[in-house]
Amino acid sequence: MPQIRLALAQVNPTVGALDANAELVVRMTAHAASQNAHLVAFPEMVLTGYPVEDLAFRRPFVHASRNALERLATRLDDEGLGSIAVVVGYLGRDDTTADQPQVGRPKGSPQNCVAVLYGGRIALRQAKYHLPNYGVFDEFRYFVPGNHLDIVRLHGVDIALAICEDLWQDGGPVSVTREADAGLLLVVNGSPYERHKDDTRLELVQHRALDSRAALAYVNMIGGQDELVFDGDSLIVDADGELLARAPQFEEGCLVVDLELPEATAAAPDPWGSADGYVGSFRVRRTTLTTAPLPSYAPEPGVIAPALSEQAEVYAAVVTGLRDYALKNGFSSVVLGLSGGIDSALSAAAAVDALGAENVHGVSMPSDYSSEHSKSDAHELAERTGLNYHVVPVAPMVRAYLDNLTLTGLAEENLQARIRGMVLMGMSNQDGHLVLATGNKSELAVGYSTIYGDTVGGYAPLKDVPKTLVWELARWRNTVAKDRDETPPIPEGSIEKPPSAELRPGQLDSDSLPDYSLLDDILDHYVEQDRGSDELVDVGFPPELVARVLRMVDAAEYKRRQYPPGPKITQRNFGRDRRLPITTAWREFVETNTAPSTEEPPPPPPPA
């Protein structure tokens with residue numbers, strides 16, 4: 001059987017950085033060439049970065065993407081890499097409809113495309129057929145779908161191409177791969193990370209390989225893009241679904257594997273020729289690059305990276321998202337408040353892992369109600385991590401406000417949080433730091449935060465991390481440090497003490513919220529799974545508690561809209577995944593044996 005050495009380039013592009021992304025393609029192609037690869041594949045839209053969102057409607061950007069692809073093909077050949085077939089994703093356009101405005105079709109007819117570059121030329125182009133329009137995806141808004149399957153013959157092997165969602169959906173190009181007699185199905189992806197997705201990916205790839213009777217290679221990008229994080233997890237299975245190689249998550253690199261594939265037998269054009277045909281009613285375009293199989297060589301076994309634990313991959317997603325958001329947006333340092341609590345402690349540890357301790361500034365801002373253990377825990381965290389530590393007492397600032405403004409109760413409590421926000425933003429303006437908001441998903445869900453106070457920031461590392469998972473990650477991070485003979489970054493006091501905003505004497509989160517384990521369970525059903533109040537009662541939650549929590553969640557939508565972006569790690573994050581109106585009279589109602597009140601109880605006070 002013919003042999004081919006395939007390299008999957010798991011890389012981290014930046015949206016809009018066409019020249020830098022092209023440089024990345026050249027560098028990784030050269031690396032693949034040094035490994036004697038014959039074919040190298042890059043992720044979906046690697047040349048433009050992904051997702052480009054409304055940049056797809058900018059004609060100059062589409063034009064620049066297509067020009068960059070042409071320059072890239074020439075440059076690869078000029079640098080002695082023209083004998084390697086390079087599969088590159090880019091932003092293209094349907095030229096047949098680009099100048100024909102039509103209601104329901106994206107302006108300018110942009111397309112999510114893949115090309116094969118070889119010998120200094122663009123050998124073929126194919127557009128994504130299935131356009132996802134669910135969850136974080138809006139591709140039906142941005143792109144015109146493709147209408148055919150490309151099969152390229154290289155060294156005597158027929159290779160079919162597909163783009164991300166084409167693999168996930170039935171029908172379309174993947175469905176005719178088997179009848180088209182392809183030996184390899186190569187899929188380029190921009191598949192965002194979420195918990196438990198790696199197992200789903202492998203099962204899907206194995207299923208499609210068995211259906212297609214072809215080996216299947218799946219290449220995915222890594223890195224952060226706004227709220228999305230890409231984890232790589234590129235993999236290759238044979239036609240029987242057996243895993244041959246798998247790349248580590250969240251690491252840039254080149255996964256190289258030798259494949260023995262069936263010799264191409266379908267009728268095809270001569271080298272550098274293309275011909276259209278049909279499998280059933282689906283158009284298939286065949287392009288030939290080379291027909292002769294390679295001389296036989298000793299294959300090398302593929303490497304299967306060890307799987308990460310659930311805590312390890314979530315933490316890696318948080319760190320990756322934070323690092324790329326900062327660096328890709330021009331920030332080399334961050335600043336955050338250190339309260340001595342678990343959320344700020346975990347945020348600080350992740351920031352140190354992402355950017356280095358020398359680039360992290362932690363600020364303790366004690367008030368009259370700050371406990372001694374909170375102040376000492378903040379100081380201890382700074383010593384454990386080595387970050388830059390500052391103490392800025394806010395009590396005098398609070399008194400100055402209260403001397404000139406009559407505030408009591410909740411308004412006085414929130415004043416402390418808002419002054420802390422001003423301190424952090426002032427340091428950001430002065431020194432160019434990115435401010436990190438340290439709240440978690442549970443607090444964000446129920447509005448347990450002070451708008452313009454602890455919600456202040458440019459990025460929120462724990463935005464999609466429930467409170468119970470925050471504790472889990474903190475303990476895991478300390479265990480990892482111990483296993484490496486390093487100092488655990490997070491003080492035990494921050495992990496073990498009851499959480500409190502410390503805005504009034506003796507205040508605890510439990511004064512206003514259910515126990516976090518119970519709260520997170522309800523939130524999982526309501527936010528992640530979209531279950532209604534009746535369903536929550538049916539599974540055993542007390543009706544009064546369900547009503548209370550759902551009222552808090554629904555009333556806090558306006559706060560969530562003003563919260564900074566943060567890395568998506570769950571199936572349903574606040575932001576791209578869950579989009580509810582701020583202004584709505586709809587509220588869930590839970591039937592109870594108690595006569596309903598004529599007044600809706602207000603949501604709990606929003607402390608810092």
Open item on the list: Between Arg75 and Glu23, does any side-chain N to carboxylate O distance fall below 4.0 Å?
Closed with: yes
Open item on the list: Please tell me whether Asp94 and Thr97 have a donor and an acceptor in their side chains that are separated by less than 3.5 angstrom.
Closed with: yes
Open item on the list: Please check this pair: side chain of Arg201 against backbone of Leu235, looking for a donor-acceptor N/O pair closer than 3.5 Å.
Closed with: no
- [ ] For residues Gly190 and Tyr50, report the shortest heavy-atom separation together with the two atoms involved.
- [x] O-CE2, 3.4 Å
Open item on the list: Walk me through whether Thr48 and Ser65 qualify under side chain to side chain donor-acceptor pair (under 3.5 Å).
Closed with: CA-CA 7 Å; Thr48 56; Ser65 170; 5.4 Å; no
Task: Which residues share a side chain to side chain donor-acceptor pair (under 3.5 Å) with Asp199, sequence neighbours left out - done: none
- [ ] Flag this pair as yes if the NZ/CZ of Arg283 is under 6.0 angstrom from the six-membered ring centre of Tyr278 and inside a 45 degree cone about the axis; otherwise no.
- [x] no
Open item on the list: Could you check whether Arg27 pairs with Glu252 (Lys NZ or Arg NE/NH1/NH2 to Asp/Glu carboxylate O, under 4.0 Å)?
Closed with: yes
Open item on the list: Main chain of His155, side chain of Thr290: is a donor-acceptor contact present, judged purely on distance under 3.5 Å?
Closed with: yes
TODO: Could you walk me through whether Gln562 and Tyr452 pass the side chain to side chain donor-acceptor pair (under 3.5 Å) test, one step at a time?
DONE: CA-CA 9 Å; Gln562 299 182 65; Tyr452 316 124; 2.9 Å; yes
Task: For Ala556 against Ala445, the heavy-atom pair lying closest together - done: CB-O, 4.0 Å
- [ ] Mind checking the CZ-CG spacing from Arg121 to Asp77? Nearest 0.5 Å is all I need.
- [x] 9.5 Å
Task: Main-chain N/O of Val446 paired with Arg560 side-chain donor or acceptor, under 3.5 Å - done: no
TODO: Indicate yes or no: at least one non-hydrogen side-chain atom of Ile569 is less than 4.5 angstrom from one of Val465.
DONE: yes
Open item on the list: I'd like to know if the side chain of Glu165 pairs up with that of Tyr134 as donor and acceptor (distance under 3.5 Å, no hydrogens or angles considered).
Closed with: yes
Task: Spacing of Ser191 atom OG and Tyr218 atom OH [to the nearest 0.5 Å] - done: 3.5 Å
Open item on the list: A quick test of your reading: do over 12 heavy atoms of other residues, nucleotides or ligands sit less than 6.0 Å from CD of Gln571?
Closed with: no
- [ ] Inspect the surroundings of CZ in Phe137 and state if more than 12 heavy atoms from other residues, nucleotides or ligands are less than 6.0 Å away.
- [x] yes
Throw together a table of side-chain donor-acceptor distances under 3.5 angstrom for residues 238-245, partners on residues two or more places apart or in other chains.
unit_1: Asp238; atom_1: OD1; unit_2: Asp240; atom_2: N; d: 2.9
unit_1: Asp238; atom_1: OD1; unit_2: Gly241; atom_2: N; d: 3.1
unit_1: Asp238; atom_1: OD1; unit_2: Glu242; atom_2: N; d: 2.9

Open item on the list: Return the CZ to OG1 distance between Phe282 and Thr177, rounded to the nearest 0.5 Å.
Closed with: 9.0 Å
TODO: Output yes when Arg531 and Asp524 qualify as a salt bridge under the 4.0 Å nitrogen-oxygen rule, no when they do not.
DONE: no
Open item on the list: Do the side chains of Arg208 and Asp170 get close enough for a salt bridge, i.e. N-O under 4.0 angstrom?
Closed with: yes
Task: Test item: side-chain donor near acceptor, Glu313 and Tyr193, under 3.5 Å - done: yes
- [ ] May I ask you to test the Arg71-Leu69 pair for a side-chain heavy-atom distance under 4.5 Å?
- [x] no
Open item on the list: Taking side chain to side chain donor-acceptor pair (under 3.5 Å) as the definition, give me every residue that meets it alongside His31, ordered by chain and number, with sequence neighbours left out.
Closed with: none
- [ ] Please check if the side chain of Asp19 supplies one atom and the backbone of Ala17 the other of a donor-acceptor pair under 3.5 Å.
- [x] no
Open item on the list: Is the distance between the ring centroids of Phe230 and Phe250 under 6.0 Å?
Closed with: no
Open item on the list: Donor-acceptor check, side chain of Gln111 to backbone of Gly92, threshold 3.5 angstrom: yes or no?
Closed with: no
Open item on the list: Check whether Gln35 reaches the backbone of Ala32 with its side chain - one donor and one acceptor, N or O, closer than 3.5 Å.
Closed with: no
Task: Thr584 side chain vs Pro581 backbone, donor-acceptor pair below 3.5 Å - done: no
Task: Spatial distance of atom CZ (Arg323) from atom NZ (Lys328) [nearest 0.5 Å] - done: 11.0 Å
- [ ] Give the C-alpha distance, both sets of side-chain angles, the deciding distance and a yes or no for side chain to side chain donor-acceptor pair (under 3.5 Å) between Arg5 and His38.
- [x] CA-CA 5 Å; Arg5 180 166 290 177; His38 311 112; 6.0 Å; no
Task: Heavy-atom side-chain contact between Asp150 and Ile159 under 4.5 Å - done: no
Task: Basic-acidic side-chain contact under 4.0 Å: Asp166, Lys128 - done: no
Task: Main-chain N/O of Glu310 paired to His196 side chain as donor or acceptor, under 3.5 Å - done: no
TODO: Could you tell me whether Lys568 and Asp464 make a salt bridge, using a distance below 4.0 angstrom between a side-chain N and a carboxylate O?
DONE: no
Task: Sub-4.5 Å side-chain heavy-atom contact between Leu91 and Pro110 - done: yes
Task: Glu194 bridged to Arg572 by N-O distance under 4.0 Å - done: no
- [ ] Answer yes or no for Lys441 and Phe574: cation-pi contact, defined as NZ/CZ to six-membered ring centre under 6.0 Å and angle to ring axis within 45°.
- [x] yes
Open item on the list: Using the rule given for side chain to side chain donor-acceptor pair (under 3.5 Å), can you reason through Tyr526 versus Asp554, listing the C-alpha separation, both sets of side-chain angles and the distance that settles it, and then say yes or no?
Closed with: CA-CA 11 Å; Tyr526 186 52; Asp554 291 348; 2.8 Å; yes
Task: Test item: Val174 and Leu185 side chains (from C-beta on) under 4.5 Å apart, heavy atoms - done: yes
Task: Salt-bridge criterion met for Arg561 and Glu557 (N-O under 4.0 Å) - done: yes
- [ ] Considering only NZ, NE, NH1 and NH2 on the basic side and carboxylate oxygens on the acidic side, decide whether Glu443 and Lys463 come within less than 4.0 Å.
- [x] no
Task: Asn440 side-chain N/O to Leu462 backbone N/O, donor-acceptor pair under 3.5 Å - done: no
TODO: Begin with the C-alpha distance, continue with both residues' side-chain angles, and end with the deciding distance and a verdict on side-chain contact (heavy atoms from CB on, under 4.5 Å) for Leu289 and Val152.
DONE: CA-CA 7 Å; Leu289 300 182; Val152 58; 3.6 Å; yes
- [ ] Check for a donor-acceptor pair, side chain of Thr288 on one end and backbone N or O of Pro269 on the other, with a separation under 3.5 Å.
- [x] yes
Task: Side chain to side chain, Glu227 and Tyr325, heavy atoms closer than 4.5 Å - done: no
Task: Nearest-0.5 Å distance that lies between atom CG in Asn112 and atom CD1 in Ile163 - done: 5.0 Å
Task: Parallel, tilted or perpendicular: rings of Tyr118 and Trp272 (30°, 60°) - done: tilted
Open item on the list: Salt bridge or not between Arg286 and Asp158? Use side-chain N to carboxylate O under 4.0 Å.
Closed with: yes
TODO: Report yes if some heavy atom in the side chain of Val26 is under 4.5 Å from a heavy atom in the side chain of Leu76; otherwise report no.
DONE: yes
- [ ] Could you check whether the rings of Phe57 and Tyr142 sit parallel, tilted or perpendicular, using 30° and 60° as the cut-offs?
- [x] tilted
Task: Heavy atoms from other residues, nucleotides or ligands near CZ of Arg578 exceed 12 (cutoff 6.0 Å) - done: yes
Open item on the list: What I'd like to find out is whether the side chain of Leu72 reaches to under 4.5 Å of the side chain of Leu117, using heavy atoms alone.
Closed with: yes
Open item on the list: With side-chain contact (heavy atoms from CB on, under 4.5 Å) as the criterion, how do Val46 and Val88 come out once you've worked through the C-alpha distance, each side chain's angles and the decisive distance to 0.1 Å?
Closed with: CA-CA 7 Å; Val46 67; Val88 177; 3.7 Å; yes
Open item on the list: To the nearest 0.5 Å, what is the distance between CG on Leu210 and CD on Gln206?
Closed with: 7.5 Å
